Asker: 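Please see the structure below; I have some questions.
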Protein chains: 2
Amino acid sequence: MKRAEKKLNLPTIRRLPAYLEILKRLHGKGIDYVSTTLLIDELKFESVLVRKDLAGLGIAGKQKLGYRLTELSGAIEEYLGWNRNDEAFLIGAGALGSALLGYSKLEEYGFKIVAAFDSDKVKGGTEIHGKPVFHISKLPNLAKRMGIKIAVLTVPADSAQQVADVLVDSGIRGIWNFTGIELDLPEGVVSHNENITSGFALFSVKLRNLEEVAPQ
Amino acid sequence: MKRAEKKLNLPTIRRLPAYLEILKRLHGKGIDYVSTTLLIDELKFESVLVRKDLAGLGIAGKQKLGYRLTELSGAIEEYLGWNRNDEAFLIGAGALGSALLGYSKLEEYGFKIVAAFDSDKVKGGTEIHGKPVFHISKLPNLAKRMGIKIAVLTVPADSAQQVADVLVDSGIRGIWNFTGIELDLPEGVVSHNENITSGFALFSVKLRNLEEVAPQ
DNA sequence: TAGATTGTTAATCGATTAACAATC
DNA sequence: TAGATTGTTAATCGATTAACAATC
């Protein structure tokens, strides 16, 4: 299969997992071909948009039939790199960190958190959702020995930058950042900020509008 | 204080919490006036953007000085409705649900989860992060008695719609939806979808690019 | 053939950025 | 006054939607 060369735009990339989820469900039902009309039955947006999105993946549909399901989901997984197997560390084993350690979908998508770290004193042999938890002082050594290049950062905001510096020194090149802090990182290290408060703000505004339309 | 009438665009609303966070930090340092140049020192984007964002809040800055910190953060909180006190139920006390029950920032922002529900058999007196957990069968009654109108939905995808129907019947009008499923809801009920896989997809693509630029 | 679908090009809409005027 | 800043209008950029051609 030829690698899709086209650069997809950001909203498209955000939508890809939703397509993949639906495709999985349809695959379970023994469906072989999916049309964009079938896909938008499940989603709530326009079929042109789906078609544009899929066009960038570099696969072709068949008129009257749609896209071959396995080919389509394969292309999405390949585009996202979810057919690979990435190993990552998680730092900050609080409530959010623990939730991510137990979020099995990540592994399904080729993203395996192999160990967690925390600044609290941890007893030897501690595990959360079956993943070992170490004191953060052990991270640099383990990262180098295991060749880990990816980290999930779920520490409190006020230690975010400091921990990030340690990660960079330990050879980490990609940081999935849940701290709400904009990290200062050197060239060659990428981060992606996940910010639940942004989504909460949108939800809040929707709630406020609701109350204004029909108070009490 | 006059209510800001202007409708802010979605990206602006998403940015408001970040401004608020910075303002809180600066407030702790005893700073009274903040300029947009000061704000962008912390963020990584353009000061025009910040100015445009703040313009919609309906407050005025002072040339050479900037905005009065308390007035600015007050206006943001009011716009988001974070100066109110909303009570909510959480449904689905798994890993993610538990994390949200322990996420104290929500309460700081006027959003209080008062109880959790799960379909698993729960013993009387069960608590997670100090919040009582009930069997879901108790929800309709409690929601009505307590006048709860907001729910956080963290159940597995395959029961999402079914639980949402129960919520609507119980008088819930706003659903913060973490299930990854697009809910079918009647007129007058709003939902906001939080989808961690979307963010993970963006992170994955950044990681993939990283590897392509400098393999191994 | 008629109809369902893919896939592309043009038009529109929305958000960011650039330019600059106003003012303390 | 000079300089730092707010705040607005115009230009640009990016994404969605509309229109439609192509084809099985």
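The structure presented is a predicted model; accordingly, all values stated were derived computationally and were not measured. Convention: sequence-line order gives letters A, B, ...; per-chain numbering from 1.
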Asker: Of the candidate nucleotides D:dA15, D:dG7, C:dA22, which contains the atom at the shortest distance from the side chain of A:P11?
Answerer: D:dA15
Asker: Grab the CD1-C1' distance between A:I40 and C:dT6 for me, whole Å please.
Answerer: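 The distance from CD1 of A:I40 to C1' of C:dT6 comes to 14 Å, rounded to the nearest Å.
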Asker: OP1 or OP2 of D:dA4 less than 4.0 angstrom from a side-chain nitrogen or oxygen of B:S35, does that happen here?
Answerer: no
Asker: Looking at A:S47, I'd like to know whether one of its side-chain N or O atoms comes within less than 4.0 Å of OP1 or OP2 on C:dT5.
Answerer: no
Asker: Rounded to the Å, how far apart are A:E46 CD and C:dG7 P?
Answerer: 18 Å
Asker: Give none if D:dG14 has no partner; otherwise give the nucleotide forming a Watson-Crick or G-U wobble pair with it, both distances under 3.5 Å.
Answerer: C:dC13
Asker: Between D:dT6 and B:K62, counting only base atoms on the nucleotide and side-chain atoms on the residue, is there a donor-acceptor pair under 3.5 Å?
Answerer: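 No, the side chain and the base share no sub-3.5 Å donor-acceptor pair.
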Asker: Restricting to non-hydrogen atoms, name the atom on A:I59 and the atom on A:A75 that form the minimum distance, rounded to 0.1 Å.
Answerer: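 Between these two residues, the closest heavy atoms are CG2-CB, 3.9 Å.
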Asker: Measure CG/B:L49 against C1'/D:dT6 and give the value in whole Å, please.
Answerer: 15 Å
Asker: With respect to the phosphate group of C:dG7, does any side-chain polar atom (N or O) of A:Y67 fall under 4.0 Å of OP1 or OP2?
Answerer: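 Checking C:dG7 against A:Y67, a side-chain N or O does come within under 4.0 Å of OP1 or OP2.
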Asker: Among the nucleotides C:dG7, D:dA15, D:dT6, which one has an atom lying closest to any side-chain atom of B:T36?
Answerer: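 So the nucleotide nearest the side chain must be D:dT6.
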Asker: Return the value, rounded to whole Å, for the distance between atom OH of A:Y33 and atom C1' of D:dC24.
Answerer: 12 Å
Asker: Take the protein atom CG of B:L54 and the nucleotide atom C1' of D:dT5, then report the distance between them rounded to whole Å.
Answerer: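 About 13 Å, once rounded to whole Å.
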Asker: If you pin A:L65 and A:V48 to their nearest nucleotides in DNA chain C, which one's is more 5'?
Answerer: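 Residue closer to the 5' terminus by nearest nucleotide: A:L65.
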Asker: We want to know whether A:N177 and A:S191 form a side-chain donor-acceptor pair, criterion being a heavy-atom distance below 3.5 angstrom.
Answerer: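 On atom types as modelled, these side chains do not qualify, holding no pair under 3.5 Å.
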Asker: Using the side-chain heavy atoms of A:Q63, tell me which of these nucleotides is nearest: C:dT5, D:dT6, D:dA4.
Answerer: C:dT5
Asker: What's the NZ-P distance between A:K52 and C:dC13, to the nearest Å?
Answerer: 16 Å
Asker: Does C:dC20 have a Watson-Crick or wobble mate here (both distances under 3.5 Å), and if so which one?
Answerer: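 Per the H-bond distance test, D:dG7.
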Asker: Regarding A:R84 and the six-membered ring of A:Y109, is the cationic atom NZ or CZ under 6.0 Å from the ring centre and inside 45° of its axis?
Answerer: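 No, cation not above the ring by the 6.0 Å, 45° rule.
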Asker: Under a plain distance cut-off of 3.5 Å, with no hydrogens placed, do A:N193 and A:E182 share a side-chain donor-acceptor pair?
Answerer: yes
Asker: Quick one: B:I59 CD1 to D:dT6 P, roughly how many Å, whole number?
Answerer: 11 Å
Asker: Nearest-Å distance, CZ (B:R51) to P (C:dT17)?
Answerer: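 Value for this atom pair: 13 Å.
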Asker: Can you tell whether the side chains of B:E42 and B:R25 come within less than 4.0 Å, N to carboxylate O?
Answerer: yes
Asker: Just to be sure I understand the rule, does A:R14 reach a base, reach only the sugar-phosphate, or reach nothing, if contact means heavy atoms closer than 4.0 Å?
Answerer: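 No contact.
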Asker: OP1, OP2 of D:dA15 versus side-chain N and O of A:T12: anything below 4.0 Å?
Answerer: no
